[in-house]
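Naming convention: chains lettered A, B, ... in sequence-line order (proteins, then strands); numbering from 1 in each chain.
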Protein chains: 2
Amino acid sequence: MKKYIPVLKKTKLFAGIANDEIASMLLCLDAQVHHYKKGEYVLREGEHLSNIMILVGGRLHIQKDDYWGNRSILEQISMGEMFGEAYIAPESEPLLNDVVAAEDSVVMFFNAKQIITTCSSACRFHTMVVQNLFFSISEKNRKVVRKLSHMSKRSIREKLISYLSEEATRQNSSSFAIPFNRQQLADFLFVDRSAMSNELSKMRKEGLLEFERNCFKLL
Amino acid sequence: MKKYIPVLKKTKLFAGIANDEIASMLLCLDAQVHHYKKGEYVLREGEHLSNIMILVGGRLHIQKDDYWGNRSILEQISMGEMFGEAYIAPESEPLLNDVVAAEDSVVMFFNAKQIITTCSSACRFHTMVVQNLFFSISEKNRKVVRKLSHMSKRSIREKLISYLSEEATRQNSSSFAIPFNRQQLADFLFVDRSAMSNELSKMRKEGLLEFERNCFKLL
DNA sequence: TCCTTTTTGTTGTAAAAACAACAGACTTGT
DNA sequence: ACAAGTCTGTTGTTTTTACAACAAAAAGGA
């Protein structure tokens, strides 16, 4: 458990909190560690949540498969990101999507009630965590809205440009790796893989970008 | 100002707070009222926010126009809903979209810092508001994810079914009105209006639904 | 009321995407 | 090293969507 404190320290939720403070909070917040193999389900659609979770190792996909087997990847969760936080409100509906390990992953569970109910004595920094929680969910919110903007684009090409540009900006370089293979990227952009591959090739021919596997360079 | 207290009382943010408590908080939170005519901009892309806003009259669209004049409506804000809350975090980027009055509207502005910084004495209920704020943004989050699910559908027909089903569920009836005209619905679903109109007609012929103007009935 | 503007549905055509099928490159495990 | 499986790009076909243009219906204003 303690070995994840350095990771937690870097998260938005525990920003500005000292290591030993985090350690004491782990007890107060009822922290638990779970391990998942690639492909395993962390959460399933329809579940009721009473925990807030932080990914401390690996990578997760928040996704949904429809009746015909079409998969849609709504979000990707990377190291240090929080998830599940939107479903702990008292009148919240059950989880809308599945959460699946995209690679071997480690997740920490925290008792949600303990987080949002500021405790009386022990944890001096609890108030700060509540505020951090709000800032974290704010960031998540903006992330989803950005994704929605990608999806508002009408053509595969525009969606690709929109997404790849964001990645280039985020990684602060015109050369960057993405955390998806082709099929996953297609599922993430809600388009057909072969059509997308085709479009990528066209764009390369036109000199808009270069790529190899999951590495891209915008020109 | 005081005339909006009954509206505020029904919002998620002020849930469980007595009328006179709200009244005193209006001062503490630096509340201001602004009026907008249909089509007027409430906020513009790129702005930095230091307020949380609640719509107390009318209807707003959170939207974006691209270079070629294609409009995308990302969200609709109805009476009593909060907005802007995701952009007040210290390291938040500027606003990603425009906020426009879809009809004559009234908006209340609250000082964001005052809300998230629990004040010392006067407002006994301030702690509750902070918690409400978290639950409100949680709900907003789920709303955006639901919209993302609609958009994950590959065809216009599926998007329509996905959106209309949600409305039917939300309004708890198979007959319901939607808050969009055809062009706005198309902008909201990120598709072409005429193609969508066409698809609606086909669906009506096939007996899937009935409609007239903005009133729909699922069969 | 009449005129103007907006909204909606319809049609035909061009463009784009989905779908299916396959081959070659690359991985992985034995 | 080999076999099995996965990933990626490519092609041809079918389906769907976008686009443009227009007419009818409805709404709004003078």
5′-ward residue of the pair Asn214(B)/Ile156(A) relative to DNA chain C: Asn214(B)
Distance below 4.0 Å between Asn198(A) side-chain N/O and dT10(D) OP1 or OP2: no
Donor-acceptor contact below 3.5 Å, side chain Glu40(A) vs main chain Lys37(A): yes
Residues from residues 189-197 of chain A lying under 4.0 Å of DNA chain C - heavy atoms: Val191(A), Asp192(A), Ser194(A), Ala195(A)
Lys159(A) bridged to Glu199(A) by N-O distance under 4.0 Å: no
Within 45° cone and under 6.0 Å: Lys147(A) NZ/CZ vs Phe188(A) ring: yes
Residues which pass side chain to side chain donor-acceptor pair (under 3.5 Å) with Gln171(A), listed by chain and number, not counting sequence neighbours: Glu167(A)
Distance, rounded to the nearest Å, where Lys202(A) contributes NZ and dT11(D) contributes P: 11 Å
For Arg71(B), the option from Asp187(B), Asp98(B), Asp65(B) that meets side chain to side chain donor-acceptor pair (under 3.5 Å): Asp65(B)
Short N-O contact, Glu93(B) and Arg146(A), less than 4.0 angstrom: yes
Sugar-phosphate, base or nothing in reach of Phe211(B), heavy atoms under 4.0 Å: sugar-phosphate
Pair Arg204(A) + Glu210(A): basic N to acidic O under 4.0 Å: no
Contacts of type side chain to side chain donor-acceptor pair (under 3.5 Å), residue Asn70(A), not counting sequence neighbours: Asp66(A)
Ion pair Glu103(A)/Lys38(A), N-O distance below 4.0 Å: no
Overall bend - the helix from dT1(C)-dA30(D) to dT30(C)-dA1(D), comparing terminal axes fitted on five pairs, nearest 10 degrees: 60°
Residues that Phe109(B) engages under ring-ring contact (aromatic ring centres under 6.0 Å, His included), provided they are two or more places apart: His34(B)
Arg182(B) vs dG9(C): side-chain N/O to OP1/OP2 distance below 4.0 Å: yes
Between dG9(C) (P) and Arg204(B) (CZ): distance, integer Å: 6 Å
Salt-bridge present (Glu212(B), Lys217(B); N to O < 4.0 Å): no
Length of the line joining Asp187(B):CG and dA18(D):P, which is rounded to integer Å: 12 Å
Heteroatom pairs (N/O) under 3.5 angstrom, protein to nucleotides 23-27 of chain D:
none

